[in-house]
J.: 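The structure under discussion is supplied below as structure tokens; questions concerning it will follow.
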Amino acid sequence: MENRFKQSLLDPNTLSVTWELVPGRGAREKAQESALLAAEQAAKGGKVHALTITDNPGGNPAILADYLGQEILKLGIEPLVHFTCKDKNRNQMESQLYALDRAEVRSLLVMTGDYTVSGFKGRPKPVFDLDPTHTLELIAQMNEGLGIPGPKGMSYHQPSDFFAGAAVSPFKGTEAEQMVQYYKLKKKVTSGAQFIVTQLGYDARKIHEVLQFMKLNDLNVPLVGNIYILPFGAAKIMNQNQLPGCVVTDKLLAEIDKERTAEDKGVSARLLRAAKMYALMKGMGFAGVHIGGHNIKYEQVEYVIEKGEELSKDWLALVPEFDYPMPNGFYYYEKDPKTGLNTTTPVNRKNLPLDAPVGVAYSGMRLMHSMLFTPGKNFFPVMRKIYKGRKDNRKHGLEHLAKVITNDCKDCGDCAMFELAYLCPMSQCPKNQRNGACGGSYQGWCEVYPNQKQCIYVRAYARLKKYDEEGDLDSHHIPPANWDLYQTSSWSNFFLGRDHSGKILGIPTPEEEAAKAKGAEPAK
């Protein structure tokens, strides 16, 4: 069976439409029955190309999106399953993908996922073994026929047929937050994302900005805009940042508060706003729209589509109605005074203030790195010789103590601090993100610790920007942690070429060095 969602998104003459369903906790409750009824109506209506199914949204347990996707597929409409990284390790992800492949559930939206909040007898332990870039790599390799090493060499599975996308948030208030979102967007596309869906916001310039960024950076995959039919209750929650990543400004909240005094409690106003967003996105050139909202009926989705098509003929006139900037908010491009959107000229970021303080400790770490950890220079050969010697647990103990004091080291043994301005994503990022920030930060604060801890990527960006090196965060892809190295010395692993940094820098292992001296290839 053809993937109708994929066809619609790749067809330049079609605006693809997806409708989000939140199936909720339980197996045979009202939420699940309502979701399946909505799916049946959408399949018969023919205006929706796919139904997106959330994966434990808000960090709370719910029925497995995969299974509901299979039921929806039988109704004759394509499911777009949310596939998040928060609850399972890489083996479970691979198993889950095999099951989805066999069930012919092919469309996936790969995301970091909301931090876990509730579960049986308390908050569950978050996993975050892979980030979305790693997961997209896995899916891309499965589409080619995943290679599995074995005693007789490599064997290859039959190729899967996944159509996998990822998310990005253009609705960030600070330079550092926004730039790391765009750096990670590029990594997601390079890792295999076949389409991109935006996070939720109502600022026309920001909606246009991400489209502009993708075009000007040759990220040639379809972009889907996020539309939420927004009542006052949800708007208030988003305004207070209780739904991380979703942005509702004070100005928009005040307007929705007035609208709910109408006879229909603001229903027609919020449906019209959604239709106008549809028109804006179609006019700008988005490939699709993603429609969501609590307890939305199918006929309301049809209204948004039909009214949006009608309004799209004069979409530029709607731009002033979506003037919802964040206070002192950062924009990547200069404003176009004619349209109210963006020019193609990036703002000059050089003179913008740093979004996080940079102390003298960072300068000291830079000096230490240049003296000890730069291959072939200064004391690097000495350090390599020391670590090639007899194993000494005291060296590891002293290293761990120093890194606990400076970075709350968890001794993962495969350190990513070199790439992140000497900040540890395994201890200081609750989601262990090694390739860029998740979408949940707000005004520079971590999603999990709002107003307490700054996002480590905001801090890393500020540190690097001070030395005009912020582009280092965009330089290369960091692999997932190798847990074979857990509780071993990361310095030893680096100097002996056994961790990912050593491999990137071309540091040979002692075995490779010995084999080269003998003129033979080392055993793999």
Side-chain angles (χ1 to χ4, degrees), residues 111-115 128 131-133 167-188 198-199 201 203 206 209-210 213 241-247 249 325-332 346-363 365-366 406-408 416-476 478:
M111 296 180 287
T112 307
D114 299 319
Y115 196 77
F128 298 111
D131 70 25
T133 67
V168 66
S169 178
F171 303 101
K172 294 301 179 185
T174 69
E175 174 195 348
E177 283 179 290
Q178 195 60 74
M179 292 308 301
V180 296
Q181 278 291 305
Y182 288 154
Y183 291 157
K184 194 171 185 179
L185 168 61
K186 290 198 274 185
K187 290 184 180 182
K188 288 174 180 177
T198 69
Q199 189 47 282
D203 181 348
K206 283 289 192 179
E209 178 183 286
V210 65
F213 181 87
N241 194 39
Q242 293 179 22
L243 218 62
C246 301
V247 177
T249 61
M326 298 175 75
N328 302 312
F330 169 81
Y331 290 91
Y332 186 86
V347 299
N348 183 357
R349 304 195 306 273
K350 291 284 185 184
N351 297 323
L352 294 178
L354 300 179
D355 290 319
V358 179
V360 294
Y362 177 57
S363 299
M365 288 181 182
R366 288 176 65 92
T406 58
N407 269 288
D408 189 25
M417 286 172 52
F418 293 151
E419 291 96 341
L420 302 183
Y422 315 118
L423 295 167
C424 175
M426 309 305 287
S427 66
Q428 296 181 50
C429 173
K431 296 184 180 181
N432 303 146
Q433 296 299 287
R434 290 163 77 89
N435 282 289
C438 74
S441 67
Y442 182 72
Q443 296 292 10
W445 298 106
C446 172
E447 168 192 327
V448 183
Y449 301 105
N451 300 312
Q452 297 177 48
K453 293 183 179 180
Q454 283 187 302
C455 169
I456 69 157
Y457 279 92
V458 168
R459 295 170 61 201
Y461 183 90
R463 286 182 171 192
L464 291 166
K465 184 183 175 182
K466 185 174 180 180
Y467 293 87
D468 295 322
E469 296 172 354
E470 63 268 34
D472 286 359
L473 293 172
D474 191 28
S475 59
H476 62 266
I478 304 172

J.: Determine whether a donor-acceptor pair (N or O, by modelled atom type, separation under 3.5 Å) exists between the side chain of K187 and the backbone of H476.
T.: yes
J.: Take L185 and F213 through the side chain to side chain contact (heavy atoms under 4.5 Å, CB included) test and state the conclusion after the steps.
T.: CA-CA 10 Å; L185 168 61; F213 181 87; 4.1 Å; yes
J.: Looking only at heavy atoms, what is the nearest atom pair of V210 and P170, with distance?
T.: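 Taking V210 first and P170 second, the nearest heavy atoms are CB-CB, 3.8 Å.
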J.: Looking at N451, I'd like to know if its CG atom is crowded, meaning that more than 12 non-hydrogen atoms belonging to other residues, nucleotides or ligands lie closer than 6.0 Å.
T.: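 Yes - once you tally the heavy atoms of other residues, nucleotides and ligands closer than 6.0 Å, there are more than 12.
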J.: Okay, side chain of S427, backbone of D408: is any donor-acceptor separation there less than 3.5 Å?
T.: yes
J.: On a heavy-atom basis, which atom in C438 and which in E447 lie closest, and how many Å separate them?
T.: SG-OE1, 3.8 Å
J.: Give a yes or no answer on whether the side chain of K184 reaches the backbone of T133 with a donor-acceptor pair at less than 3.5 Å.
T.: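 Flag not set: sc K184 to bb T133 has no pair under 3.5 Å.
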J.: Do K188 and P132 have side chains that approach each other closer than 4.5 Å (heavy atoms only, starting at C-beta)?
T.: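 Touching, per the 4.5 Å side-chain cut-off.
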J.: Check the pair L420, L473 against side chain to side chain contact (heavy atoms under 4.5 Å, CB included), reporting the backbone distance first and the verdict last.
T.: CA-CA 7 Å; L420 302 183; L473 293 172; 3.8 Å; yes
J.: Does Q454 reach the main-chain N or O of A356 with its side chain, forming a donor-acceptor pair under 3.5 Å?
T.: no
J.: So which atom in G245 and which in N241 form the shortest heavy-atom distance, rounded to 0.1 Å?
T.: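 Scanning both residues, the minimum pair turns out to be N-OD1, 4.2 Å.
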J.: So R434 and P425, do their side chains get closer than 4.5 Å, heavy atoms only?
T.: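 SC-SC contact between P425 and R434 confirmed.
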J.: Are side-chain heavy atoms of W445 and K453 found at a separation under 4.5 Å?
T.: no
J.: What are the two closest non-hydrogen atoms of I456 and C429, and how far apart are they?
T.: CD1-CB, 4.0 Å
J.: Give, for atom OH of Y422 and atom CG of L464, the distance between the pair rounded to the nearest 0.5 Å.
T.: 9.0 Å
J.: Do side-chain atoms of D355 reach the backbone of T174 as a donor and acceptor pair under 3.5 angstrom?
T.: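 Between the backbone of T174 and the side chain of D355 there is no qualifying donor-acceptor contact (under 3.5 Å).
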J.: Go through the steps for Y182 and E209 under the test side chain to side chain donor-acceptor pair (under 3.5 Å), then give the verdict.
T.: CA-CA 11 Å; Y182 288 154; E209 178 183 286; 2.6 Å; yes
J.: Flag the pair D472 / E419 as yes when at least one side-chain heavy-atom distance between them is below 4.5 Å, and no otherwise.
T.: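 SC-SC contact between D472 and E419 ruled out.
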J.: Under a 3.5 Å distance rule, please check whether K172 uses its side chain to pair with a backbone N or O of V180 as donor and acceptor.
T.: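 No, the answer is negative, given that no donor and acceptor are paired below the 3.5 Å cut-off.
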J.: Which heavy atom of S169 sits nearest a heavy atom of Q199, and at what distance?
T.: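 Scanning both residues completely, I find the closest heavy atoms to be CB-CB, 3.7 Å.
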J.: Pairing donors with acceptors under 3.5 angstrom, does anything connect the side chains of Q428 and N407?
T.: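 N407 and Q428 do have a side-chain donor-acceptor pair below 3.5 Å.
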J.: Looking only at heavy atoms, what is the nearest atom pair of M111 and A167, with distance?
T.: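 What the structure gives for the nearest pair is CG-CB, 4.1 Å.
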J.: So do Y331 and P325 actually touch side chain to side chain, heavy atoms under 4.5 Å?
T.: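 Contact flag for P325/Y331 side chains = yes.
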J.: Give the intermediate values and the outcome of side chain to side chain contact (heavy atoms under 4.5 Å, CB included) for residues R349 and M179.
T.: CA-CA 10 Å; R349 304 195 306 273; M179 292 308 301; 3.7 Å; yes
J.: Are K206 and Q178 packed together at the side-chain level, in the sense that at least one heavy-atom pair is separated by less than 4.5 angstrom?
T.: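 They are in contact (side-chain heavy atoms under 4.5 Å apart), so the answer is yes.
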J.: Taking side-chain contact (heavy atoms from CB on, under 4.5 Å) as the criterion, tell me which of E175, K466, R459, R463 meets it with L354.
T.: K466
J.: Within 45° of the six-membered ring axis of Y467 and under 6.0 Å from that ring's centre, is NZ or CZ of R366 located there?
T.: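 Yes, a cation-pi geometry.
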J.: What I want to find out is whether K350 reaches D468 closely enough, with some N-O distance under 4.0 Å, to be called a salt bridge.
T.: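 Counted as a salt bridge, because a side-chain N and a carboxylate O are separated by less than 4.0 Å.
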J.: Does the pair F128 and Q433 meet the rule for a side chain to side chain contact (heavy atoms under 4.5 Å, CB included), with working shown?
T.: CA-CA 8 Å; F128 298 111; Q433 296 299 287; 4.3 Å; yes
J.: Does some side-chain heavy atom of E469 sit less than 4.5 Å from a side-chain heavy atom of S475?
T.: no
J.: Could you check whether any side-chain heavy atom of M326 comes within less than 4.5 Å of a side-chain heavy atom of Y442, counting everything from C-beta outward?
T.: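 A side-chain contact exists here, since the closest heavy-atom pair is under 4.5 Å.
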J.: Parallel under 30°, tilted from 30 to 60°, perpendicular over 60°: which one fits the rings of Y461 and Y183?
T.: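 Judged by the thresholds at 30° and 60°, the geometry between Y461 and Y183 is tilted.
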J.: Please check this pair: side chain of K465 against backbone of L352, looking for a donor-acceptor N/O pair closer than 3.5 Å.
T.: yes
